[in-house]
S.K.: 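Structure incoming, see below.
Remember, it's a predicted structure, so these values are computed and weren't measured experimentally. Side-chain atoms are counted along with the backbone in the values below, which use heavy atoms only and exclude waters and symmetry mates.
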Amino acid sequence: MTKKQKKMLHRIIIAAAALLTLSIISKIKTADGMPLSKMLFGIPHLILYIAVYIIIGGDILKKAIKGIFNRQVFDENFLMTVATIGAFTLAIYTKSGDYVEAIAVMLFYQIGELFQGIAVGKSRKNISALMDIRPDYANIEKDGSLEQVSPDSVPTGSIIVIQPGEKIPIDGTVIEGKSSIDTKALTGESVPQTVSSGDDVISGCINITGLIKIKTTKEFGESTVSKILELVENSTSRKSKSENFISKFAKVYTPIVCYGALTLAILPPLVRIIFMNSEPLWSSWIYRSLTFLVISCPCALVISIPLSFFAGIGGASHEGILVKGSNYLETLSKVKTIVFDKTGTLTEGVFEVVSIHHSPLEASQLLEYVALAECASNHPISKSIKYAYNKKIDLSRVTDIQELGGKGITAVVDGMKIAAGNEKLMQMLNIPYCKCHSVGTIVHAAINGEYAGHIVISDRIKNNSKSAVKALKKAGIENTVMLTGDTRTVAEAVAKELDIDIIFSELLPEDKVKEIEKLLKPNKALAFVGDGVNDAPVLSRSDIGIAMGAKGSDAAIEAADIVLMDDDPAKISKAINISKKCLGIVYQNIVFAIGIKAICLILGALGLANMWIAIFADVGVMILAILNAIRALNVKKL
């Protein structure tokens, strides 16, 4: 509980105790049977109740006055102030001396506000836990000892030391040591991961067992931990349609009910005087209008709807699913088509050279020429060829490198013109080639215009991709689609194994955008899941872009609306179920709050509801709606 909440709790306890004491005193009778309250009636009696009222409602009065001066009159503070001051005035006018209702309204309203603050605090715990991943320092080895410096001051390529129990401050690669690291705060995965020399590690994880040295691959501002914190901190700035609707609704609704209450206080008495020639009953109708005001307060909606989304985003972040805004959480619940990129999304993205076919050269010789030609490329296929070559690349042997998007590479190696790529490259160069019947990515090679064979490269399907697709269909996804630049043979083999409905193969990056645009339909949202730089345009064009956060490119993560921190495709169905639960809670609260208030407003206008029913319609409904909203935090079993 915060200091502010503790102060509010103290005020509530003091006001409640004082109100109870005054109520008890009012029931005490003197020796001659006269109620003590009658003897206290008058200025002293009123001053005591006003003192209690100021203790519990002083801050609300200040907010209401500030709102009037800022020309933002019609809010819940104004409604509470008018209703309670009106109740005081009515008690004075009728000489009843009953000021309990006015204070009770403010007291229960403050209890509701305190409850709301505690509920928001609970939903913030997941976000706060996430914020704990921010590292305070980085260890730099200097003159044989460790020096703690700010992570911001560590340049790329520096060697930093992470001792057991410390947070990894910056993304990097392990160059020395072996340890287990806790990734739970980022991915929701409770099982520690073992890392050793050559493994990449991301900032925000906790080193558990051994001392490790890391060579940083990014600056702190560009590291994973900074990106995550930025995403989470900015998530509340992007409001959903439901939240925007409630905000607009409250701005229109509040003035209407205020004028309605004023009409209820004035019009019926005037009708009685002018047309019925009877007593106006001013106090009765003013009491009804004040009750009407308390009932009409839109707190339940204004508080519980954003809280539902906030709780949903917090619950998702705890599971390693970062949602950049409640608008994306709302749209995700309406997704009917999921489109996957293949490499790195459904497959490991770890390519291996498995065979070399139809080459007049030694396999190692062809591999050497192609590896040299691919020396300037960072494409996963190129990396796998260079890894299989497993020798230092002599750049002096290579000139005239040209990368042909979606086709391959040409280069001059040792004076020979080398071409390496797919069938499209061979066709473009008018070089006859041999088709390969193996399943995998095929890199055809030509030397000086003559076909020199092809290299077969395979990519493993992720262990949980099949169950992820199955879970999506169970979650209500109507169509699963796969887009890939790979060959038709490879695409069909992967799609068959994973039970994917539709495939589009041999696509260039711009072709993916075109296919996505064809698949987009009104009222049926489409989500695209990808991880590479070339996926960024497609992620932006989709209704919802989902990026792989562990191995995904910075461009993909930046363009996406949702980021999966552990690259687990099974988390997509979980994210959808979280969004559906969250939206269900939102709609429940809207129907419940408006329904109860509508009934109570009618009863209040007819004089069948007193101030105590009004308190339930305001504070009671708000507390029930908040209790319902924080259910969105519970996402473990979805």
Side-chain angles (χ1 to χ4, degrees), residues 53 56-57 60-61 63-64 67-68 72-94 96 98-113 246 248-273 276 279-304 589-625:
Y53 177 78
I56 194 62
I60 302 298
L61 291 173
K63 290 176 185 176
I68 292 169
Q72 295 176 343
V73 179
F74 299 110
D75 61 8
E76 62 270 20
N77 299 304
F78 177 78
L79 292 179
M80 288 296 108
T81 300
V82 170
T84 51
I85 290 176
F88 258 109
T89 306
L90 201 61
I92 294 169
Y93 173 76
T94 58
S96 67
D98 186 7
Y99 308 114
V100 174
E101 281 188 344
I103 297 172
V105 168
M106 196 65 82
L107 178 64
F108 283 107
Y109 177 75
Q110 291 284 40
I111 290 171
E113 287 288 295
I246 293 302
K248 291 175 183 176
F249 171 80
K251 286 180 180 178
V252 175
Y253 165 84
T254 308
I256 288 173
V257 295
C258 285
Y259 292 127
L262 185 63
T263 303
L264 190 63
I266 296 172
L267 190 59
L270 291 178
V271 169
R272 290 178 65 86
I273 293 170
M276 300 172 65
E279 282 290 322
L281 302 177
W282 286 106
S283 60
S284 175
W285 286 103
I286 290 172
Y287 183 81
R288 290 189 193 187
S289 71
L290 295 174
T291 304
F292 190 90
L293 273 180
V294 176
I295 293 169
S296 66
C297 187
C299 301
L301 291 172
V302 172
I303 292 169
S304 70
N589 281 345
I590 290 173
V591 172
F592 172 69
I594 291 177
I596 294 295
K597 283 185 179 291
I599 293 168
C600 291
L601 283 172
I602 293 169
L603 293 175
L606 295 174
L608 301 175
N610 59 20
M611 200 66 79
W612 295 102
I613 291 177
I615 290 170
F616 166 74
D618 177 30
V619 180
V621 169
M622 178 173 69
I623 289 174
L624 290 173

S.K.: Side-chain contact, heavy-atom cut-off 4.5 Å: Y109 with N77?
M.R.: yes
S.K.: Is there a side-chain contact between L107 and I615 in this structure, where contact means two heavy atoms from C-beta onward sitting under 4.5 Å apart?
M.R.: no
S.K.: Identify the two heavy atoms, one from A87 and one from L290, that lie closest to each other, and give their separation to 0.1 Å.
M.R.: N-CD1, 3.3 Å
S.K.: What's the spacing between I111 CD1 and M622 CE if we round to 0.5 Å?
M.R.: 9.5 Å
S.K.: Quick one: sort the F88 and Y99 rings into parallel, tilted or perpendicular, breaks at 30° and 60°.
M.R.: parallel
S.K.: Decide yes or no for F108 and I623: does some side-chain heavy atom of the first lie under 4.5 Å from some side-chain heavy atom of the second?
M.R.: no
S.K.: Can you give each donor-acceptor pair under 3.5 Å made by side-chain atoms of residues 256-271, sequence neighbours left out, with the distance rounded to 0.1 Å?
M.R.:
{"from": "T263", "atom 1": "OG1", "to": "Y259", "atom 2": "O", "distance (Å)": "2.8"}

S.K.: Supply the atom-to-atom distance I602 CD1 to L608 CG, rounded to the nearest 0.5 angstrom.
M.R.: 10.5 Å
S.K.: Could you grab the distance from atom OG1 of T84 to atom CG of L293, nearest 0.5 Å is fine?
M.R.: 10.0 Å
S.K.: When rounded to the nearest 0.5 angstrom, what distance separates CG in L601 from CG in L606?
M.R.: 11.0 Å
S.K.: Taking all non-hydrogen atoms of both residues into account, name the closest pair between R272 and E279 and its distance.
M.R.: NE-O, 2.5 Å
S.K.: Is a side-chain N or O of R288 found less than 3.5 angstrom from the main chain of G604, in a donor-acceptor match?
M.R.: no
S.K.: Search all heavy atoms of A593 against all heavy atoms of V621 and return the closest pair with its distance.
M.R.: CA-CG1, 3.8 Å
S.K.: Check whether any side-chain heavy atom of T81 lies under 4.5 Å from a side-chain heavy atom of K63, and answer yes or no.
M.R.: no
S.K.: Closest heavy-atom contact between M80 and I60?
M.R.: CB-CG2, 4.2 Å
S.K.: Not counting sequence neighbours, which residues clear ring pair (Phe, Tyr, Trp, His ring centres under 6.0 Å) with F616? List them please.
M.R.: none
S.K.: So, taking the atom named CG in N610 and the one named CG in L603, what distance separates them when rounded to the nearest 0.5 Å?
M.R.: 10.5 Å
S.K.: Can you name the ring pair (Phe, Tyr, Trp, His ring centres under 6.0 Å) partners of F592, sequence neighbours left out?
M.R.: none
